[in-house]
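Comments concern the structure below.
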Amino acid sequence: MKVTAKAYAKINLMLDILSTLPNGYHDLFMIMQSVGIYDRVTVSKTDSEDIEITCNKEGVPTDESNIVHKVATKFFADTGVKNTGISVHIEKNIPQAAGLAGGSADGAATLVALNELFGTRLSLKEMAQTGGKIGADIPFCIMGGTMAAQYTGTVLSFLPDLEAENIVIVKPKQDVSTGEAYAAFDKAERVRHLDTRGMLIAAATRDKKGIFDRVDNVFEQFIDVPDRVVIKSIMRKHGCECCCMSGSGPSVFGIFEKREDAEKCLAELKKSFDEVYLCSSVDKGCETE
Ligand code: ATP
């Protein structure tokens, strides 16, 4: 018996850090959007009483450090279901360490698949609560679509789906450590905060122009990704409605009204970058096949 779930990547239409909390975590305001780049996570029952992980891509850990392992362990602990043995295969398509929540999406898909495989009938909210104990982006990756995510990212509010058909995403080669990105925020003397209230109202009232005018990421003020300047100028040249870095980077996305413009932009970016994608928004975080 096996269940396969698609695990969709996310972009941040807005990411602001409101403050550093006494426990060292950060109080965030984010508008999250699921997009149509996805991993496929297949969970099968075995009789090993273990959690085995395989992945088609090198560089993804397959031991206890994989988010999938941590989520599965938490699923068995929270539900009281005995782990008679599972194997999880990750077909990786989401670029790694990219600011696109690839690991969190796999964790979310694992929960959804386990819920079906073991017939536990957990609600989305219950799965989000279990996932949130492992990673702050996992609850969003379970719910998906367009949402506001606050506090560490685990406090979610539903928003109308954005419905953007032409999203170009580029993952430059540069590595960005999320820990270092937050440390750079903590050290910064001045922060230009974003129009979070205006963004929330624009998103809640389906004001697409209002959303695109406010798309921004506070990390762009602290994290230097030289390719970002080049990517954004190419996206603007092709008439994007907005462009911005996602998460703590380094990926940059641009949203286009016309498919034709997005395709031209994609073709030009492919001359300089290996990891370039054209996708649409999706209204869910995971789905079983
Ligand atoms: P976020 O946007 O949530 O910060 P990210 O897209 O920047 O995430 P991920 O692709 O989720 O980054 O991976 C970050 C690190 O987590 C990787 O370098 C890898 O070592 C580790 N990792 C653990 N589990 C996974 C997984 N299932 N897929 C990818 N990376 C994983």
Side-chain angles (χ1 to χ4, degrees), residues 4-15 17 25-26 28 30-35 37-43 51-75 86-114 131-132 134-144 147 149 152-154 156 169-185 217-220 222-223 225 244-253 275 277 285-286:
T4 297
K6 285 181 179 168
Y8 290 105
K10 63 88 185 153
I11 55 173
N12 296 91
L13 298 171
M14 178 170 270
L15 192 166
I17 307 170
Y25 286 106
H26 292 83
L28 307 173
M30 302 187 283
I31 301 291
M32 318 279 272
Q33 177 63 56
S34 304
V35 294
I37 306 174
Y38 57 88
D39 293 346
R40 290 174 79 240
V41 177
T42 302
V43 185
I51 299 168
E52 292 152 28
I53 300 172
T54 53
C55 182
N56 65 332
K57 277 260 169 77
E58 275 180 33
V60 177
T62 52
D63 59 7
E64 295 82 9
S65 69
N66 194 303
I67 295 173
V68 160
H69 197 288
K70 295 180 189 171
V71 162
T73 304
K74 190 59 83 188
F75 168 85
I86 56 164
S87 74
V88 184
H89 180 69
I90 304 168
E91 183 191 306
K92 193 55 53 215
N93 303 304
I94 303 172
Q96 293 171 62
L100 301 174
S104 303
D106 294 347
T110 301
L111 271 174
V112 168
L114 284 170
I134 303 299
D137 279 347
I138 296 179
F140 169 74
C141 290
I142 287 170
M143 310 304 291
M147 298 192 91
T152 60
T154 53
L156 299 172
I169 300 178
V170 187
K171 155 75 174 44
K173 283 246 180 300
Q174 186 177 339
D175 284 329
V176 177
S177 141
T178 304
E180 283 170 23
Y182 280 106
F185 167 83
N217 183 337
V218 79
F219 278 127
E220 291 199 8
F222 315 111
I223 299 168
V225 177
C244 190
M245 189 167 81
S246 183
S248 57
S251 297
V252 178
F253 66 88
E275 293 181 273
Y277 306 83
C286 307

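Quick note: residue numbers are just sequence positions, from 1. Every number for a ligand or one of its atoms is a count from 1 in the order of the listing.
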Interatomic distance, [X] atom [atom1] to [Y] atom [atom2] [nearest 0.5 angstrom]:
X: Tyr182; Y: His26; atom1: OH; atom2: NE2; answer: 7.0 Å
X: Asp39; Y: Leu100; atom1: CG; atom2: CG; answer: 10.5 Å
X: Thr42; Y: Ile90; atom1: OG1; atom2: CD1; answer: 10.0 Å

Taking ring pair (Phe, Tyr, Trp, His ring centres under 6.0 Å) as the definition, give me every residue that meets it alongside Tyr277, ordered by chain and number, with sequence neighbours left out.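 Scan of Tyr277 (ring pair (Phe, Tyr, Trp, His ring centres under 6.0 Å), adjacent residues dropped) gives none.
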Give a yes-or-no answer on whether the side chains of Thr54 and His89 include a donor-acceptor pair shorter than 3.5 Å.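 Short answer, yes.
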Sort out the contact shell of ligand 1: every protein residue with a heavy-atom distance below 4.0 Å, listed by chain and number.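 Ligand 1 pocket, heavy atoms under 4.0 Å: Lys10, Val60, Pro61, Ser65, Asn66, Ile67, Ile90, Lys92, Gln96, Ala97, Ala98, Gly99, Leu100, Ala101, Gly102, Gly103, Ser104, Asp106, Asp137, Thr178.
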Apply the side-chain contact (heavy atoms from CB on, under 4.5 Å) test between Thr73 and each candidate in Ile51, Ile134, Val68; give the one that qualifies.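 Only one option passes, and that is Ile51.
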